[in-house]
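Along the sequence shown, residues are numbered consecutively beginning with 1.
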Amino acid sequence: MVCVIMFNGMCDYVGISRSGYYQREKRHNHQSPRKLRKKFIQGEIKAIWLKSLCIYGAGKITQELRSKGYKIAE
């Protein structure tokens with residue numbers, strides 16, 4: 001009970017409602033499939049770039065990803 005009162009007080013102090021706080025938390029922690037794929041592809045790009053001793057550019061990296069079977073634009 002004390003925690004709820006303190007939480008309400010903190011929300012009032014910041015100027016947000018409790019429901020607004022929880023909605024923002026839900027949106028902020030959501031990982032969409034697009035975000036997950038983008039994060040994975042970025043890791044692949046970095047791995048290819050480091051493997052090439054930091055020489056490959058966008059074209060070569062794209063070509064390498066396509067040869068691995070990824071559908072990706074340059």
Side-chain angles (χ1 to χ4, degrees):
M1 182 71 173
V2 174
C3 291
V4 172
I5 294 170
M6 289 177 59
F7 182 72
N8 287 337
M10 288 175 31
C11 286
D12 289 340
Y13 179 75
V14 177
I16 60 171
S17 65
R18 283 177 44 201
S19 62
Y21 169 79
Y22 287 115
Q23 284 177 355
R24 185 184 180 286
E25 278 296 307
K26 186 177 178 181
R27 277 194 314 267
H28 182 68
N29 292 329
H30 176 69
Q31 292 289 320
S32 69
R34 177 181 273 179
K35 283 183 182 179
L36 293 173
R37 182 179 187 271
K38 185 175 181 179
K39 196 173 190 178
F40 178 76
I41 295 293
Q42 285 174 340
E44 291 287 312
I45 290 170
K46 188 169 184 176
I48 292 169
W49 184 66
L50 290 172
K51 184 179 165 188
S52 75
L53 303 176
C54 308
I55 295 174
Y56 281 7
K60 288 248 186 172
I61 292 173
T62 303
Q63 187 178 26
E64 182 95 16
L65 287 170
R66 286 181 181 159
S67 71
K68 289 183 175 184
Y70 295 106
K71 290 185 178 181
I72 192 163
E74 190 174 329

> Taking C-beta and beyond as the side chain, do Ile48 and Lys68 meet within less than 4.5 Å on heavy atoms?
Replying inline: yes
> Any sub-3.5 Å donor-acceptor pair from Arg66's side-chain atoms to Lys71's backbone N or O?
Replying inline: no
> Under 6.0 Å from the CZ atom of Arg24, do we count more than 12 heavy atoms belonging to anything else shown?
Replying inline: no
> Between atom CD of Glu64 and atom NZ of Lys51, what is the distance when rounded to the nearest 0.5 Å?
Replying inline: 5.5 Å
> Any link between Leu50 and Tyr70 through a network of hydrophobic side chains (Ile, Leu, Val, Met, Phe, Trp, Tyr) touching at under 4.5 Å?
Replying inline: yes
> So, do Lys38 and Gln42 sit near enough that their side-chain heavy atoms are less than 4.5 Å apart?
Replying inline: yes
> Can you tell me how far the CZ atom of Phe40 sits from the CD1 atom of Ile45, to the nearest 0.5 Å?
Replying inline: 11.0 Å
>> As an exercise, state the distance from CD1 of Ile72 to CD1 of Ile41, rounded to the nearest 0.5 Å.
In response: 4.5 Å
> Atom CZ in Arg37, atom OG in Ser32: separation rounded to 0.5 Å?
Replying inline: 12.0 Å
